[in-house]
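Below is one structure; the comments refer to it alone.
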Amino acid sequence: MNTVEYIAGYMDRARKAQKEFEAWSQEQVDEAVRLIAKVVYDNAEYLAGMAVAETEMGNVPDKILKNRGKAGIIWNSLKGKKSRGIIKRDAQTGITEIAKPIGVIAAITPCTNPVVTPMCNAMFALKGGNAVVITPHHRSFKTSEETVRLINEELQKIGAPENLVQIIDHQSRENTRELISAADTVVATGGMSMVKAAYSSGKPALGVGAGNVQCIIDRGVDFREVVPKIVSGRSFDYGIICSGEQTVIVHEEDLNAVMEEFKKNSGYVVFDEQEVDSFRKALFPNGKMNPDLVGQSTARVAELAGSEIPEDTRVILLRAAGAGREDFLSKEKMCPVLSIYTYKNFDEAVDIAEANLEYEGAGHSVSLHSHSEEHIEAAALRLKASRFVINQPSSTSAGGSWFNGFSPTTTLGCGSWGNNSISENLTYTHLINVSRIGYLMKDAEIPSEDILWNN
């Protein structure tokens, strides 16, 4: 196969489709975007089962919830928003803004989210009047391909240009590199190697950084409310989501009470150093996350660690030997495992979170359960994270939810801390160009020198 010719075919088809699509009205564009979300919502069970069968990661019930939840909330965030033609007039500044498509978007999608990430990429791309070509992970090719097929079936019903949403049918590193070099903008969601490749493509790129969400439990909160949220966040889809909680950082005087609450919520708590080490070696052979445990159940994790746990265990909690580089358990664990740390005062809690983020996951997210605005803002002012999720399950909230103001997405920027170009949640506004008309402001007042320089 000639890689250059192969990808050129996709690009030619995409550019032809995008040129035709560019003439569509806002109402027509929004109907296309709505249909993308609706078809995933309607096929949530089918696609969830397919994803688990193909990737052998995560679990079907949570993927169903994810497919339906992301489809609904992303569409809700997009409908009614202008993305075509004149989108804003500011009488005060004399600026009129006009949205224009970027062109063809290349989207690298991961095996951890083979349904909702292609859906999300297609929705954002089309919302901006673009075409999109998806390059899926080889472990989830069939699921992503089927997702795109279902999307295109719906788009055909409304007369959308053929090849507006494409997925390459021969996945390889060479094809991906050629695609991201040929497209107008790249969205990279997945492993750091592919994200780095996207930033080296010579084209504008929007990527994500590694996750390692630090979860601080402040004093004075109701553990009966907090612990179930953490358990639901850490156990969701067997811990495969990058925004899932990775630690429990708790005051030393609250440790026993919090651990008892975890046990009541199907948590398996390990303080014994020898057993903790067995889990550590299973999770991080040679200091790197064991790929065989990504998105696996607690039973599978315990099996590899040689430990027996109750059948109903939802999360495993391991007492870490130290923060940051002192213990591999400070790193991201893409399965339902939490590391336990204790602190004497809130500053020390932030110290622990900071050390862990410096080791891995800088720029991503922090989870904080607290009623103290002072503590919340102190942590936010100091820690290098792009989003702080307060009193919510992080895994299902950092990427936007019905209960917070984060933009709903599957791509969470981590800023310069995570070697990313954005530090917010990716949305359609990142996939449009904006022209600005600057009208003469005849009545503008120029300040005198005294006013200008003397406050």
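Quick note: numbers below take in every heavy atom, side chains included, and nothing from hydrogens, waters or symmetry partners.
- In this structure, S339 contributes its side chain and S330 its backbone to no donor-acceptor pair below 3.5 Å.
- In this structure, S83 contributes its side chain and A99 its backbone to no donor-acceptor pair below 3.5 Å.
- The neighbour count for F346 CZ, taken as heavy atoms of other residues, nucleotides or ligands under 6.0 Å away, is above 12.
- Contact between H364 and C242 at its shortest, heavy atoms only, is NE2-SG, 3.3 Å.
- N420 places no side-chain N or O within donor-acceptor distance of the main-chain N or O of I422, the cut-off being under 3.5 Å.
- Note that CD of Q274 is 12.5 Å distant from CZ of F279, once rounded to the nearest 0.5 Å.
- A donor-acceptor pair under 3.5 Å links the side-chain atoms of S243 to the main chain of S395, judged by distance alone.
- From Y428, atom OH reaches atom OG1 of T409 across 13.0 Å, with rounding to the nearest 0.5 Å.
- With no hydrogens or angles considered, no side-chain donor-acceptor pair links T189 and T117 at under 3.5 Å.
- Formation of a donor-acceptor pair under 3.5 Å by the N113 side chain with backbone atoms of T109 is not found in this model.
- Across G400 and K70, no two heavy atoms sit closer than the pair O-NZ, 4.2 Å.
- Checked by atom type and distance alone, the side chain of N290 never pairs as donor or acceptor with a backbone atom of F284 at under 3.5 Å.
- Taking CG from D351 and CD1 from I249, the interatomic distance works out to 10.0 Å, rounded to the nearest 0.5 Å.
- For the pair Q26 and K81, the tightest heavy-atom approach, listed with the atom from each and the gap, is NE2-O, 3.7 Å.
- M57 and V294 make their closest contact through CG-O, 3.3 Å (heavy atoms, listed as atom of the first residue, atom of the second, distance).
- When side chains are defined from C-beta on, Y359 does not count as touching N212, because their heavy atoms never get closer than 4.5 Å.
- Remark: the backbone N or O of C215 is not paired with any side-chain donor or acceptor of S367 at under 3.5 angstrom.
- Distance CG/L206 to CD1/I108: 11.5 Å, rounded to 0.5 Å.
- Checked by atom type and distance alone, the side chain of E54 pairs as donor or acceptor with a backbone atom of T143 at under 3.5 Å.
- Across all non-hydrogen atoms, the minimal contact from C120 to I74 is SG-CD1, 3.8 Å.
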- Evaluate the criterion side chain to side chain contact (heavy atoms under 4.5 Å, CB included) for residue pair V187 and V132; output intermediate values, then yes/no. CA-CA 10 Å; V187 177; V132 61; over 6 Å; no
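- Between D254 and I217 the shortest side-chain heavy-atom distance does not fall below 4.5 Å.
- No side-chain heavy atom of Y268 sits under 4.5 Å from any side-chain heavy atom of T298.
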N/O donor to acceptor pairs below 3.5 angstrom from side-chain atoms of residues 232-240, sequence neighbours left out:
unit_1 : atom_1 : unit_2 : atom_2 : d
S232   : OG     : P228   : O      : 3.3
S232   : OG     : K229   : O      : 2.8
R234   : NE     : E245   : O      : 2.6
R234   : NH1    : K333   : O      : 2.7
R234   : NH1    : C335   : O      : 2.6
R234   : NH1    : V337   : O      : 3.2
R234   : NH2    : G239   : O      : 3.1
S235   : OG     : V231   : O      : 2.6
S235   : OG     : R314   : NH2    : 3.2
D237   : OD1    : N59    : N      : 2.9
D237   : OD2    : K63    : NZ     : 2.9
D237   : OD2    : K66    : NZ     : 2.8

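- Taking the centre and axis of the six-membered ring of F271, the NZ or CZ atom of R319 falls inside the cone set by 45° and 6.0 Å.
- No more than 12 heavy atoms of other residues, nucleotides or ligands lie within 6.0 Å of NZ in K384, so this atom counts as exposed by the packing criterion.
- Looking at M259, E252, H251 one by one, the single match for side-chain contact (heavy atoms from CB on, under 4.5 Å) with L255 turns out to be M259.
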- Task: Give the intermediate values and the outcome of side chain to side chain contact (heavy atoms under 4.5 Å, CB included) for residues R34 and M123.
- Result: CA-CA 8 Å; R34 185 189 73 84; M123 291 176 72; over 6 Å; no
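- A distance of 9.0 Å separates CG of D42 from CZ of R68, quoted to the nearest 0.5 Å.
- Within 6.0 Å of CG in N286 there are 12 or fewer heavy atoms belonging to other residues, nucleotides or ligands.
- Judged purely by atom type and a 3.5 angstrom limit, R84 has no side-chain atom pairing as donor or acceptor with the backbone of S25.
- Side chains of L304 and Q296 form no contact here, defined as non-hydrogen atoms less than 4.5 Å apart.
- Other residues, nucleotides and ligands place no more than 12 heavy atoms under 6.0 Å from the CZ atom of R89.
- No more than 12 heavy atoms of other residues, nucleotides or ligands shown are found within 6.0 angstrom of CH2 on W453.
- H430 and E424 share a donor-acceptor pair across their side chains, judged by distance under 3.5 Å alone.
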- Task: Before giving the answer on side chain to side chain contact (heavy atoms under 4.5 Å, CB included), spell out for N67 and V116 the whole-Å C-alpha distance, their side-chain angles and the decisive distance to 0.1 Å.
- Result: CA-CA 6 Å; N67 292 346; V116 293; 3.4 Å; yes
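- K203 places a side-chain N or O within donor-acceptor distance of the main-chain N or O of A183, the cut-off being under 3.5 Å.
- When all heavy atoms are compared, the tightest approach of C414 to A362 is CB-O, 4.2 Å.
- A heavy-atom distance below 4.5 Å is found between the side chains of L329 and V276.
- The closest side-chain heavy-atom distance from V40 to T147 is below 4.5 Å.
- The shortest side-chain heavy-atom distance between D30 and W75 falls under the 4.5 Å cut-off.
- The line from CG of N43 to NZ of K38 is 9.5 Å long, rounded to the nearest 0.5 Å.
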- With salt bridge (charged side-chain N to carboxylate O under 4.0 Å, His left out) as the test, would you mind laying out the steps for R300 and D292 before giving the verdict? CA-CA 9 Å; R300 176 61 176 153; D292 293 333; 5.7 Å; no
Let me have the donor-acceptor pairs involving side chains of residues 431-448, under 3.5 Å, with sequence neighbours excluded, atom names and distances please.
unit_1 : atom_1 : unit_2 : atom_2 : d
S435   : OG     : K100   : NZ     : 3.0
R436   : NH1    : V434   : O      : 3.4
S448   : OG     : I451   : N      : 3.3

- Does the pair L65 and D62 meet the rule for a side chain to side chain contact (heavy atoms under 4.5 Å, CB included), with working shown? CA-CA 5 Å; L65 292 174; D62 286 346; 4.1 Å; yes
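- Annotation: side chain of L412 is not in contact with side chain of F406 (no heavy-atom distance under 4.5 Å).
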- Task: List the steps and the verdict of side chain to side chain donor-acceptor pair (under 3.5 Å) for S370 and D218.
- Result: CA-CA 5 Å; S370 175; D218 202 356; 2.7 Å; yes
